[in-house]
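See below for the structure under consideration.
Keep in mind it's a predicted model, so treat the numbers as computed, not measured.
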Amino acid sequence: MKKIFSLSFLMLSISLFSQQKIDRKALVTRHNVHITAIDTLASLTVGNGTFAFTVDATGLQSFPEKYQNGIPLGTQSEWGWDSYKNTENYKFSETLKDVDQYGRKISYSTQIKEPARKKEAVEWFRQNPHLLQLGNIGFEIIKKDGSLVKPDDIKAINQKLNLWSGKIESYFEVEGTSVKVITACDQTKDALGFKVESDLIQQGRLKIRVRIPFPTGLWGDMGTKWEEKQDVSISAVAIAGTEMGKKWGGKQDYKSNLKIKNKSEATITHVMDSISYDINLKWKGTASIKEKAKHYFVVEPSKSNIIELSCSFIQTDKNKSVIPSFEAIEKSSIGGWESFWESGAAVDFSESTDKRAHELERRVILSQYLTKLQCTGKVPPQETGLTYNSWYGKPHLEMHWWHGVHFALWDRPELLEKSLPWYQKVFEKAKNIAKRQGFEGARWQKMTDYDGNESPSSVGAFLIWQQPHFITYADLIYQAKPTASTLNLYSERVFATADFMASFANYDSKNDRYVLGPGVIPAQERFKAIETFNPTYELAYWNWALKTAIAWKKKLNQKVPEKWEDVLKKLSPLPIAKDVYLATESATDSYTNPEFKTDHPSVLGTFGMLPETSLLDKKIMKNTFDLVWNTWTWDKTWGWDFPMTAMSAARLQMPEKAIDALFMNVVTNTYLKNGHNYQSPRLTLYLPGNGGLLTAVAMMCAGWEGNTIENPGFPKDGTWKVKSEGFKKMF
């Protein structure tokens, strides 16, 4: 009896241990970021999902030129868009080019090279609107000799990002005198709070600068263009492959007007081509503000050795609200971030003996922080979030999958759902694209903006893998909230998406099948649109999404369109050659042409991002995975390719490969001190990589529908002890 009791007690103890809740504060704070030197790739950010502010080692944005080729010191909000004046009266129709497809002419907005007028129209619509850098807030510190402090003068740096509270605490010295700074962001308003403590204040040697840059009109905008005619001093490599842009509309007569309200408040109103916004300032302590130069203002604190400064950004025509105090902003940051970390899922690898476990945990924690503050607004984010512009600040809707899906899997579906009303806002424009091209339903934009306009692109115009995404998002929300109200809320857009997909599939009467393309560029952007048809991943996605849309029709007791069922029944099979899946049916040289073994290995998304479909043969998929793993040119890939590969490995019951994929030693799989996924000097951060990592880890922990293996993405050799809670299964 004693032995039975002892065994039962041991089993109970093990069970209770496995059910112990994770100490989330310990989990999160052991990955607080600590900076001890000026490192231009280690900039830190505070934000709230719709607004973000990135600082250097001083806790403010004191040295933007120093950091512009690293992680730039940006201040961006999702509402901050401007368009240059269209003085040449360019029309979007000038960007359209007819393409022979399905025996008829179909117009696409592409990067037309000639005549000159059309080329200029294309450039204008690519550049406009562009997301703004709203303002630079930094220190002006005067040395004993009267000169301004430079980066090399900043000593004894000790800076920490406290992830649990969302605050940045900075310490540094100038000529032996210390400066302490706390930086925080309000979680409900686009407002920043700073608390600065230093004897330099009483000495009149520490001031706070507010400077508003000009938009560059370039592919990227690091917020360092201070004069209208100034050449942007970013490295040649940083702008390689970009259009330098044209000074549209001649003189940019922007205005920045200072209004001093009282002894502790002032407003700077900045008026541009198509937007006007206010920078509201409020301070606690004795200080004054003055205009130093055009678009350049200085707050000069005095008397005390402490200054508390609040700064809020708001569009001029929006309802005014009270500027929160530093204390209120700090409280909002602490409460908001604590609430975030206590919600949703969590995973703890601390008891694992695999030497990579701690680093994976670090990447996971920092990726949650970065995607929460950069990617949870009302608009799908751009790939560089709210830090600096890439592609003029424009969201790419095919990337919204990587930005957003993980929130639902981490049991935070409300963070994904915040951006879904945007698809209703731009719904008519998506339907108009489909109508213009002769298709049914809604064709979702690829490279777009706040208002859902198309941007000309010779690649993006022909991508189709973003089309089923809305069905993915809606179905994830339905899994979280399986109610009739969820179905009714999203069904119109789900069904319009399916209508387009069914009409886009072209019937091949000779072979009695439906074909995707020609006139298609796959997720692997290495194939010419006019020659390409039946990409493997897209075929599988069409199959899954149409089945899901049909299931929604049945849940609502609505008649299923015959066209949907016919396309689903007769959709082309996944293309096969030599017992592996080709990238596309049209590319029989998918694995012999070196160019076709670069970029995204999206064929792996067929059984990774997607579940097993009726089109799939898992043995052939395993052969395909092995071939891609062994022969792909991995140094010519992107940050989300590694999580996608891990997801495929997990579904194929190869957990060792899943871990190896997440740690593949490739530059684009680099995660910096601040957690950002580095790609190249041109793209120093890449949030789809962070979101992809979170998606993969969620799947590796919770699995997917039909899976019965615990933590299926982790090896079972005893080196990985995974403690997780709250995850939702992938479809």
Side-chain angles (χ1 to χ4, degrees), residues 47-53 74-86 90 92 95 109 123-135 189-190 215-221 223 245 248 270-278 313-319 373-401 403-404 415-433 442-457 460-461 466 469-470 473 493 687-688:
N48 58 26
T50 65
F51 172 82
F53 181 78
T75 307
Q76 294 194 318
S77 177
E78 66 176 5
W79 51 257
W81 294 83
D82 183 52
S83 288
Y84 295 145
K85 295 173 183 174
N86 188 0
Y90 297 116
F92 187 76
T95 74
S109 179
E123 291 177 353
W124 195 91
F125 283 103
R126 279 177 66 80
Q127 292 182 26
N128 295 284
H130 39 265
L131 195 62
L132 296 171
Q133 293 285 7
L134 298 175
K189 304 178 181 70
D190 294 354
T216 65
L218 304 182
W219 179 90
D221 188 344
W248 304 113
H270 188 61
V271 182
M272 304 184 68
D273 307 281
S274 62
I275 190 175
S276 173
Y277 63 91
D278 295 342
F313 293 79
I314 188 170
Q315 288 176 269
T316 303
D317 59 350
K318 299 297 181 182
N319 292 330
L373 74 86
Q374 305 249 17
C375 305
T376 56
K378 296 178 181 179
V379 181
Q382 64 166 319
E383 294 177 28
T384 42
L386 294 166
T387 303
Y388 75 98
N389 283 4
S390 54
W391 290 276
Y392 312 97
K394 297 188 176 184
H396 293 179
L397 291 196
E398 83 280 18
M399 289 294 102
H400 196 197
W401 198 100
H403 288 298
L415 296 182
L416 167 62
E417 198 168 21
K418 285 175 66 176
S419 61
L420 298 190
W422 180 86
Y423 287 86
Q424 183 65 44
K425 174 183 175 181
V426 307
F427 192 26
E428 287 302 317
K429 292 181 179 180
K431 288 192 288 186
N432 287 337
I433 295 171
R443 182 169 192 164
W444 298 109
Q445 302 84 331
K446 191 279 188 191
M447 179 176 163
T448 184
D449 58 40
Y450 187 87
D451 292 317
N453 298 302
E454 271 189 282
S455 291
S457 171
Q466 77 273 25
H469 282 355
F470 189 82
Y473 311 145
R493 284 164 284 169
L687 289 162

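A heavy-atom distance below 4.5 Å is found between the side chains of Leu131 and Gln382. Between Met399 and Pro380, the closest side-chain pair of non-hydrogen atoms is not below 4.5 Å. Taking the side chain as every heavy atom from C-beta outward, Asp190 and Asn48 approach each other to under 4.5 Å. Inter-residue side-chain proximity for Ile275 and Leu132 is flagged as met; some heavy-atom pair is nearer than 4.5 Å. A heavy-atom distance below 4.5 Å is found between the side chains of Thr95 and Ser109. In this structure the side chain of Pro381 never reaches within 4.5 angstrom of the side chain of Leu687, judged on heavy atoms.
A salt bridge between Lys431 and Glu428 is present, with a side-chain N of the basic residue lying under 4.0 Å from a carboxylate O of the acidic one.
Taken from CH2 in Trp219 to OH in Tyr392, the straight-line distance is 9.5 Å, to the nearest 0.5 Å. Rounded to the nearest 0.5 Å, atoms CG (Asn453) and CD1 (Ile433) are 9.0 Å apart. Considering CD of Gln374 and CD of Glu78, their distance stands at 12.0 Å, rounded to 0.5 Å. Between the CG atom in Asp317 and the CG atom in Asp278 there is a gap of 9.5 Å [rounded to 0.5 Å]. With values rounded to the nearest 0.5 angstrom, Trp401 atom CH2 is found 11.0 Å from Leu416 atom CG. Taken to the nearest 0.5 Å, the OG atom of Ser390 stands 13.0 Å off from the CG atom of Leu218.
Ring pair Tyr423/Trp444 is perpendicular by interplanar angle, where above 60° counts as perpendicular and below 30° as parallel. The aromatic rings of Tyr473 and Phe470 sit perpendicular, their planes meeting at an angle over 60°, well past the 30° parallel limit.
Of all heavy-atom pairs between Asp273 and Ser83, the closest is CB-O, 2.8 Å. Counting all heavy atoms, side chain and backbone alike, Ser457 lies closest to Gly460 at OG-N, 2.7 Å. Among all heavy-atom pairs drawn from Gly135 and Phe313, the shortest one is N-CE2, 4.4 Å. Nearest heavy atoms, Thr216 versus Tyr84: C-OH, 3.6 Å.
Remark: the backbone N or O of Thr50 is not paired with any side-chain donor or acceptor of Lys378 at under 3.5 angstrom. Checking side-chain atoms of Asp82 against main-chain N and O of Ser274 turns up a donor-acceptor pair under 3.5 Å. Side-chain N or O atoms of Ser276 include none that pairs as donor or acceptor with a backbone N or O of Thr316 at under 3.5 Å. No donor-acceptor pair closer than 3.5 Å links the side chain of His130 to the backbone N or O of Gly393. Judged by distance alone, with hydrogens and angles left aside, the side-chain atoms of Tyr277 form no donor-acceptor pair with the main-chain N or O of Trp79 at under 3.5 Å. Panel note: side chain Gln133, backbone Thr75; a donor-acceptor pair is recorded below 3.5 Å. With Trp422 contributing its side chain and Tyr450 its backbone, the two residues share a donor-acceptor pair below 3.5 Å. The closest donor-acceptor contact from the side chain of Thr376 to the backbone of Leu415 lies at 3.5 Å or more, if one exists at all. Proximity of a side-chain donor or acceptor of Asp221 to a complementary backbone N or O of Pro215 within less than 3.5 Å is not detected. A donor-acceptor distance shorter than 3.5 angstrom exists from the side chain of Lys429 to the backbone of Asp451, with no hydrogens or angles considered.
You'll find the ring centres of Tyr90 and Phe125 outside the 6.0 Å limit.
Looking at Cys375, Pro688, Pro395, Ser419 one by one, the single match for side chain to side chain contact (heavy atoms under 4.5 Å, CB included) with His400 turns out to be Ser419. The only option from His403, Gln466, Gln445, Glu383 that meets the side-chain hydrogen bond (donor to acceptor under 3.5 Å, both in side chains) definition with His396 turns out to be Glu383.
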Report the C-alpha distance between Gln76 and Asn389 in whole Å, list the side-chain angles of each, state the deciding distance to 0.1 Å, and finish with yes or no for side chain to side chain contact (heavy atoms under 4.5 Å, CB included). CA-CA 9 Å; Gln76 294 194 318; Asn389 283 4; 2.9 Å; yes
